[in-house]
Amino acid sequence: MKKLVFAMLAAIALFGCKKEEEALPEEAVLNDGYVYPPIYTTAVYVALAEKPDMRRVILIGESAHNVSNAFHNAGVRAETQLSGKYDAAFVTCEGMSKESYSKMMSLLTENGIAVWLMDVSALRMGEFKEMIEAFDSAEAHLWMIGEKTWALVGRKSPKQIKLSAIMEAFTRESAVEDIVKAKLDHLSSLFASYVGVKEDVLPAFAESDKKALVRCEYFLPREIPKISWIAGDVDEDILKTTMDEIRSMQVIRRLIVEGAMEATKGDEDAAIEKLSRAALRNPNDPMLLERLDRLDRNASGFLAVQKVLMAMKCYETIITIQPKDVRAITNFAMCLKTIGKTDLAEEVLKRAKELSAK
């Protein structure tokens, strides 16, 4: 497959497209409010990992309805009209004040949780510091589900959550389809997004520019976090295997963030190399899948305005990161046909058919 990719790049050079080729394909994505759909499913299972016995959740915010079906399929009643106390409040507001936090906590049962799903894409460090400090839970955990979609989960008092209960939340028959679609193939895939307790991330604000945009690397510590709030009530072998897998997924997540940092700096080769290594070890990391989805959306956007070579660049990047992505390979072949490279397109389509047959 790589030989075909290199042949395609040589063909592009002959077409005199150097200027377009140099541009990183991700730069075409507009901030249109789109969120990679599995991010919402993953957010629901973050909430369930923190509160496995959840039965009622109140949804607050314009985009909160995006999690309603996933909660329902997991056996949780998702409501939008206030009535009594709730096991969880799931909020998708743009900001957080001490007053709004207090109101949210007043809706909860004694052991209830508050989940704030936030979009940090335009958030400044100074603003975020004020909001995260307003989220004044006795214990709060930060999760980076996507590059710009994070969740802060808090409760009135610290609590140990049984690992067996978290595992049970992933085995509910009515939720299997959602879990498969979100590619949460294992508990460790979910915990790839775990960052740590609020106190662990607060030092990031100490030397930061208040006007700087919030970025993953500012808050993701080099050391793998201890998840001391999980109670290991399962067989020791199962506990060790699970925690080792979580640690491995955490290491891979850091590799993905490093890849994103390289892309931001404009070093596309270094970015793709890191993301390719990550994909080999955990192809289902939510942040990695979100980035690949962004490339795919870019490709569709380029095709819509007849920028076929830029679309090919996107598909080539996807294939380099995930060489067995049949959809990207097929679309890549269609682009080759469009620019008149019919013979090469047929070779690429043959590869796609071979992969589909496996």
Side-chain angles (χ1 to χ4, degrees), residues 23-44 46-47 59-67 90-97 100-101 115-135 140-153 182 192-196 198 201-202 204-205 208-220 253-254 256-266 268 271 274-275 278 285-302 314 317:
L24 287 174
E26 289 178 289
E27 292 177 353
V29 172
L30 298 175
N31 186 17
D32 56 3
Y34 169 87
V35 175
Y36 177 52
I39 292 291
Y40 288 116
T41 304
T42 304
V44 167
V46 163
L59 306 182
I60 304 170
E62 288 185 10
S63 58
H65 67 276
N66 290 298
V67 300
F90 192 101
V91 181
T92 59
C93 57
E94 292 184 0
M96 181 66 61
S97 65
S100 58
Y101 167 80
V115 183
W116 175 26
L117 189 68
M118 65 188 89
D119 175 6
V120 302
S121 56
L123 200 58
R124 306 286 175 177
M125 290 291 282
E127 298 169 329
F128 189 41
K129 183 175 186 291
E130 291 179 4
M131 289 188 284
I132 204 170
E133 287 178 343
F135 201 90
H141 305 146
L142 180 64
W143 299 71
M144 288 179 185
I145 303 170
E147 193 170 335
K148 301 295 183 182
T149 309
W150 300 359
L152 197 59
V153 183
S193 300
Y194 181 71
V195 176
K198 187 174 78 170
V201 302
L202 287 176
F205 296 108
S208 65
D209 180 353
K210 291 182 179 181
K211 295 182 180 179
L213 287 170
V214 169
R215 299 181 61 84
C216 293
E217 58 266 31
Y218 298 162
F219 297 94
L220 191 66
R253 169 55 66 86
R254 281 153 178 75
I256 293 167
V257 171
E258 288 175 12
M261 291 168 65
E262 298 291 358
T264 300
K265 290 189 296 185
E268 186 179 6
K274 289 181 183 294
L275 294 172
D285 183 286
M287 194 177 286
L288 176 66
L289 292 173
E290 177 191 43
R291 183 164 284 268
L292 293 170
D293 178 71
R294 189 181 308 144
L295 283 164
D296 185 69
R297 290 179 62 233
N298 268 321
S300 297
F302 285 132
C314 293
T317 303

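In this chain, numbering begins with 1 at the start of the sequence shown.
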At what distance, to the nearest 0.5 angstrom, does [atom1] of [X] lie from [atom2] of [Y]?
X: Glu290; Y: Ile256; atom1: CD; atom2: CD1; value: 10.5 Å
X: Leu220; Y: Ser193; atom1: CG; atom2: OG; value: 10.0 Å
X: Arg297; Y: Arg294; atom1: CZ; atom2: CZ; value: 8.5 Å
X: Arg253; Y: Leu288; atom1: CZ; atom2: CG; value: 9.0 Å
X: Arg215; Y: Met261; atom1: CZ; atom2: CE; value: 7.5 Å
X: Thr42; Y: Ile145; atom1: OG1; atom2: CD1; value: 6.5 Å

Quick check against the 3.5 Å criterion: does [X] have a side-chain atom that pairs as donor or acceptor with the backbone of [Y]?
X: Thr149; Y: Asp119; value: no
X: Thr92; Y: Ala64; value: yes
X: Lys198; Y: Phe135; value: yes
X: Glu147; Y: Arg291; value: no

Of the options Asp296, Leu292, Asn298, which is the one that meets Cys314 in a side chain to side chain contact (heavy atoms under 4.5 Å, CB included)?
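The residue from Asp296, Leu292, Asn298 that satisfies side chain to side chain contact (heavy atoms under 4.5 Å, CB included) with Cys314 turns out to be Asn298.
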
Between Leu213 and Ser121, which heavy-atom pair has the shortest distance, and what is it?
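Heavy atoms of Leu213 and Ser121 come nearest at CD2-O, 4.1 Å.
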
If you look at every heavy atom in Cys93 and Trp116, which pair is closest and at what distance?
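Heavy atoms of Cys93 and Trp116 come nearest at O-NE1, 3.1 Å.
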
Decide yes or no for [X] and [Y]: does some side-chain heavy atom of the first lie under 4.5 Å from some side-chain heavy atom of the second?
X: Val35; Y: Asn66; answer: no
X: Tyr36; Y: Pro286; answer: no
X: Leu152; Y: Met131; answer: no
X: Val214; Y: Arg124; answer: no

Among all residues two or more places apart in sequence or in another chain, which pass the side chain to side chain donor-acceptor pair (under 3.5 Å) test with Arg254?
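Only Gln250 meet the side chain to side chain donor-acceptor pair (under 3.5 Å) criterion with Arg254.
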
With side chain to side chain contact (heavy atoms under 4.5 Å, CB included) as the test, would you mind laying out the steps for Met118 and Met96 before giving the verdict?
CA-CA 10 Å; Met118 65 188 89; Met96 181 66 61; over 6 Å; no

Mind checking what makes salt bridge (Lys or Arg N to Asp or Glu O under 4.0 Å) contact with Asp293, not counting sequence neighbours?
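Testing Asp293 for salt bridge (Lys or Arg N to Asp or Glu O under 4.0 Å), a comparison that skips the adjacent residues, returns none.
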
With a 6.0 Å cut-off (strictly less than), is the heavy-atom count around CD of Glu94, excluding the residue itself, greater than 12?
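Result for CD/Glu94: open.
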
Could you please spell out the steps behind the side chain to side chain contact (heavy atoms under 4.5 Å, CB included) verdict for Val46 and His141?
CA-CA 10 Å; Val46 163; His141 305 146; over 6 Å; no

With side chain to side chain contact (heavy atoms under 4.5 Å, CB included) as the criterion, how do Cys216 and Met287 come out once you've worked through the C-alpha distance, each side chain's angles and the decisive distance to 0.1 Å?
CA-CA 11 Å; Cys216 293; Met287 194 177 286; 4.0 Å; yes

What pairs with Phe219 under ring-ring contact (aromatic ring centres under 6.0 Å, His included), at least two apart in sequence or on another chain?
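For Phe219 the ring-ring contact (aromatic ring centres under 6.0 Å, His included) partners, ignoring immediate neighbours, are Phe128, Trp150, Phe205.
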
